[in-house]
Amino acid sequence: MTGDADHLLPSDTPVTLIDAHGHPVADAGRALPDDAALRRALASLITARRLNDQAYALVRQGRLAVYPSSHGQEACQIAAAQVLDEGDWLFPTYRDTAAVVERGVDPVEALTLLKGDWHCGWDPYEHRVAPHATPLATQLPHAVGVAHAARLRGEPTVVMALCGDGGTSEGDFHEALNFAAVLKAPVVFLIQNNEYAISVPLARQTAAPSLAHKGVGYGLPGERVDGNDVAALLSVLGNAVIRARAGEGPQLIEAHTYRMQAHTNADDATRYRAAADVEAWTGRDPIVRLSAYLSIDETAFRAEAERVAEHVRDGLNRDIEPDPAQLFASVYSSPTPQLREQAAQLADELDREVAAR
Amino acid sequence: MTGDADHLLPSDTPVTLIDAHGHPVADAGRALPDDAALRRALASLITARRLNDQAYALVRQGRLAVYPSSHGQEACQIAAAQVLDEGDWLFPTYRDTAAVVERGVDPVEALTLLKGDWHCGWDPYEHRVAPHATPLATQLPHAVGVAHAARLRGEPTVVMALCGDGGTSEGDFHEALNFAAVLKAPVVFLIQNNEYAISVPLARQTAAPSLAHKGVGYGLPGERVDGNDVAALLSVLGNAVIRARAGEGPQLIEAHTYRMQAHTNADDATRYRAAADVEAWTGRDPIVRLSAYLSIDETAFRAEAERVAEHVRDGLNRDIEPDPAQLFASVYSSPTPQLREQAAQLADELDREVAAR
Amino acid sequence: MTRHEKLSMAQALNRALRDALSDDPTVVVFGEDVGPLGGVFRVTDGLTAEFGEDRCFDTPLAESGIVGVAVGMAMNGMRPVVEMQFDAFAYPAFEQIVSHVAKMRNRTRGRVALPMVIRIPYAGGIGGVEHHCDSSEAYYAHTPGLHVVAPSTPADAYAMLREAIASPDPVVFLEPKKLYWSKEEVELGPRPPAIGRAVVRREGTDATLIAYGPSVPVALEAAEVADREGRSLQVVDLRSIVPFDDETVCAAVRSTGRAVVVAEASGFASVSSEIVARVTERCFHSLAAPIRRVTGFDIPYPPPKYEHLHLPGVDRVLDAVDDLQWEDS
Amino acid sequence: MTRHEKLSMAQALNRALRDALSDDPTVVVFGEDVGPLGGVFRVTDGLTAEFGEDRCFDTPLAESGIVGVAVGMAMNGMRPVVEMQFDAFAYPAFEQIVSHVAKMRNRTRGRVALPMVIRIPYAGGIGGVEHHCDSSEAYYAHTPGLHVVAPSTPADAYAMLREAIASPDPVVFLEPKKLYWSKEEVELGPRPPAIGRAVVRREGTDATLIAYGPSVPVALEAAEVADREGRSLQVVDLRSIVPFDDETVCAAVRSTGRAVVVAEASGFASVSSEIVARVTERCFHSLAAPIRRVTGFDIPYPPPKYEHLHLPGVDRVLDAVDDLQWEDS
Ligand SMILES: Cc1ncc(C[n+]2csc(CCOP(=O)(O)OP(=O)(O)O)c2C)c(N)n1
Ligand SMILES: Cc1ncc(C[n+]2csc(CCOP(=O)(O)OP(=O)(O)O)c2C)c(N)n1
Ligand SMILES: [Mg+2]
Ligand SMILES: [Mg+2]
């Protein structure tokens, strides 16, 4: 063991390339992504915002059971997906629907489970997007396993593993980062620090100088980035992906952002934070900032965003008749005798019900 | 959050005050404990060594079921106990019998469970020593809880929580350190890094610059200390206890030492490490080093050590007749009807057995 | 002095916590979002405001840490009441619960007691998504050293939580989520103990329904319907799974000679298996038919659209009753 | 071609791992001390030397991490076989096992299979200290989505581990510690499947003993003794707890009309409760007496000096058999 840890510690402040007013930051020490990349990001940001707001509205209309929105965090969502190659993997949480969709998953599929169906909706192998994980931080060791398996087979896969600030307190966060570091697995851990875990503010979650400071304890580099600056995110995450692919091992990146809405529709954020705190963050909006920098009017991208919103509305307004047999179909590769018996019992009940009508 | 983490990082090399040859280290930047304290430590080191070796021998004689020895790690054991006040708490692992005994627990009581009885043997409240924990790192959150409860009541208690290098990989290590830091609980976490977790060497356990570097990720100071130098341990741990008592919160200390024997008597260390590696560490023995520094012949303390060894032999050679009723007596504050039924069944069986003889 | 108030189960639990915090300075409440938010089900509503941050506080997001810290606090003179946010989110704490909470008293020969309560909003019926509706009682009930209880009414919720907090033993306190909003008149004074005591909720002569927690209202409704169809069903509410009240349950079953166990959890190796096994062992010759179980299927808890298919409902209970071999054979 | 060799159960398991590693390049073995040490029970002896560090490796000491990483590797084309060092040390992985291992296939509509094996040296009888002798099968058996098996002979150990590794479903593979050193002639070629198939180990006409894993030899010995006393006991070895072989078990019980379940685990809400419940449900009118259970007590597993009092032994099994109401009543 060596005492030299400096190269593993994050910078004192988060990397920002475009400030809240849309001005490039002088002396950022990193090149800005080119305009084409930023235009592409802006288009996606606007669609992601529309998706978030459409989904939220659909909860109110009873078409979704619950929706944890990433409104305000779209820069993290889009950058996390855009820096990946086709053969890479994304491991999302429940809040990362926008990233899942940016990766190519049909938004209606992406909302399947949140609608009230019994499975995640998409085929994880089609776009290499894991089913989203709700038990916090449990997806992180999975991400390490996928990366390690790829490395054993000599494939150039990199895995992007998402996690919230609250999730960093769980034991699985610790175990995953440690395994990744020891195995030198090509994983980029991205913490979206949105300052809250439901009602619990960051200060009650950790006393660390920053969440990125957790890296050094595992021997992996930590970095901090402005989570509302998609240019900085593309640069920092892009770099991390390149290094991971080159065999330099895992990295930990903390994106500082803010949860603009309640935890989910079921939450009442007024019980634990002031409206003014939220207000303060509207000035740092990732979309406003990027369109100012690019001098592009958002409306240029509205059509696509509306198309997606309409697709989501259509998809979710279509009622899917529950198919009882499906309850038993995928518990095992083939149902156990016990499940066959239970499925038959249910089928019989339903038949009798129909007959009695 | 602040990016300033320097004061939380450990020194580049472990703190040493007396080197392997018994010479004081120049420019150590810390005062040596006074000779009286060091003499007291030496006496205890010698007794601890004797206890370790006696217990190990008793396993071979079938008087103990198993004994994880701290032979070679006695400096950590003795310092951890000696820096505490009477009202403080010690949380040991299975390897920390010597520390438990140094804290005042009768060595025969301390070996009760390892002998094959159904309870830890000592009264945890008498000397404020928790029952030792076997499931790794699980004792660490308990230590935090004891400390936090004391703080809530305004008591000046400090808790010394012991853990091995392997134990640092468990989720509970992470959760405990984080809780301690957020609650500012007066806990000193002491990792005895003896380079092995059974057969697994440190390099497969972590890629961190040092285990003490894990502190910064929780916002608590980490320090490294030579685990075979009782003077350095008394200084570093003593200081940590003072700071914790003063309300400065928890600290993480990594003592670098070595497991000189097999994991337990049941282990065969030749399968995974070379005899030469072990040899290299005999030159750093904590007892040799301290007696050289104090220019004291160990024999001065042999009598007391032998007295303890004899007490242990006597105590463990006495057969305690298992008392079947005890199996049910302490599962709950009073046995459930189910347990009363089962106890009666067992009693009846045993009665019939006796009658049949 | 006994007071009465009309309260929902969530309010009754909140009142129990408030009264315990008032009466006993060693009681502390902590967990995720139990502070200013008042818990996702508002069971801890107002406690931080009323008793201060030292008595009711939010912790970092780590269930094993929460339970482990509670163990330490209980070792050191406090009576912690911790909340696991949802049933499935108690699993990270499983090692702490099984290897420490359940065993501490025993492995210290009774010297270290752990007077602590682990509150778990549990089971389904509220349209929750995956991981939010598990019936996890079997995991705890199978683990010696824990008390495991589940109230089915606001009055029991109040009294049993007070009793659990006062208990010298650790209690896993299962709160049926779907009953949080059920209301009734609640007696706020001392009551006879309920932990370890089942209660007959409805008298009946033809068969006995045995239920606990969220399944008690289902059993009662089934009995109501059966009554209209001319069959008299007795309903026993266990309240306490561990300790188990063999006396009340067996007396009930012997009085009717037939029984159906109703529980939401998957049936395999469950509490309902235990009930069937132990009642059969004890009442075999009083039974006119094998005891039937109406339980969740042996599948992961299904999402909102499907839960009505999975949960034991009145029809399924009545089908099971019909199956109790009423005809001479 | 079928080969035969005399092997202990530990050797048979080792051979199964070696053969699987040889036959299938996607098989990987990992856990604590499974590398150079060869596992604390030497089940992975020599694998790292033979197959290299990529195929058999030591991990950091973190069970949730081990199982979680295995989930990811299984998602990505591998067949991980992980070792939990002892039964009680699998508890930190409980959330991963219950919320992911058991549910992944279902929550992806069958698209993501997890062909992985969790090997757990389990149960008692070896004079182990606390946390080293838990019979934890009920926790897994109650969790839908897992296969749960326990061999009782070296031959079954070899065949069932091969089958478990080849299975597209996750398997919790319980290895009775006290049988690691039992030896027999083992057939190393293909065999009919054993997962989901109970087997009659001994024919008998008066009553049926139902056992699995470490209790099978106890049941066989009891049958031997009973035979000398003039009573003919049949012995069924479940081998597989989930799936459960109702057909074989019920046919056996119907043939004798009496049954005793033998298992080391605490009885409350256990696999043995389930066996009593389901066999009674299915064979009620064939039963001349209630099915009896001989299980561990509902106490934490006791330490070496006391385990003989706790474990189901031959005498206790025969007492239970005597209790099966042989006299006309
Ligand atoms: C193991 C576990 N415990 C508790 C929960 C309940 N829960 C869901 S989201 C949440 C807060 C998570 O906060 P954070 O990780 O910061 O993510 P964010 O919601 O802010 O994106 C909690 C406590 C859970 N999902 N999993
Ligand atoms: C949760 C858990 N997993 C596995 C074990 C088995 N085990 C006992 S000691 C040990 C190695 C521990 O190494 P370390 O923490 O370095 O302590 P040391 O034995 O070196 O003092 C292991 C794996 C355990 N006791 N607890
Ligand atoms: Mg957050
Ligand atoms: Mg070690």
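Chain naming here is simple, since letters A, B, ... match the order of the sequence lines and numbering starts at 1 in each.
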*Based on non-hydrogen pairs under 4.5 Å, which of C:P303, C:A102, C:S99, C:A138 is most in contact with chain D?*
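Winner by heavy-atom pair count: C:S99.
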
With chain C, which of [options] has the greatest number of heavy-atom pairs at distances under 4.5 Å?
{"options": "D:A93, D:A289, D:C283, D:G145", "answer": "D:A289"}
{"options": "D:Y91, D:F284, D:F297", "answer": "D:F284"}
{"options": "D:S266, D:A90, D:G267", "answer": "D:S266"}
{"options": "D:A277, D:A269, D:P92", "answer": "D:A269"}

_D:S240 versus D:Y212, side-chain donor and acceptor atoms under 3.5 Å_ =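 Result is no, nothing qualifies.
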
_Checking D:Q325 against C:H285: is there a side-chain donor and acceptor pair closer than 3.5 Å?_
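Note: C:H285 and D:Q325 side chains meet the donor-acceptor criterion.
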
*For the side chain to side chain contact (heavy atoms under 4.5 Å, CB included) test, which of C:V321, C:V276, C:D319, C:D323 pairs with C:V260?*
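Considering C:V321, C:V276, C:D319, C:D323, a side chain to side chain contact (heavy atoms under 4.5 Å, CB included) with C:V260 is found only for C:V321.
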
Side chain from CB out, backbone as N, CA, C, O: work out which of these in [X] comes under 4.5 Å of a heavy atom of chain D, or both, or neither.
{"X": "C:I241", "answer": "both"}
{"X": "C:S136", "answer": "neither"}
{"X": "C:V242", "answer": "side chain"}

*Nearest 0.5 Å please: distance from the CD atom of C:E137 over to the CG atom of C:L238.*
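That separation rounds to 10.5 Å.
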
*Given D:Y301 and D:H310, is the ring pair (Phe, Tyr, Trp, His ring centres under 6.0 Å) satisfied, shown in steps?*
CA-CA 8 Å; D:Y301 194 88; D:H310 175 74; 5.3 Å; yes

*Show your reasoning for whether salt bridge (Lys or Arg N to Asp or Glu O under 4.0 Å) applies to D:D246 and D:R278.*
CA-CA 8 Å; D:D246 282 310; D:R278 66 190 305 115; 2.7 Å; yes

*asked:* Counting only non-hydrogen atoms closer than 4.5 Å, does D:L287 touch chain C with its backbone (N, CA, C, O), its side chain (CB onward), both, or neither?
replied: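 Both parts, heavy atoms under 4.5 Å.
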
_Need one label for D:E130: side chain, backbone, both or neither, based on atoms under 4.5 Å from any heavy atom in chain C._
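Contact with chain C involves the side chain of D:E130 alone.
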
*N/O donor-acceptor pair under 3.5 Å between C:R293 side chain and C:S272 backbone*: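 Such a contact is absent between C:R293 side chain and C:S272 backbone.
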
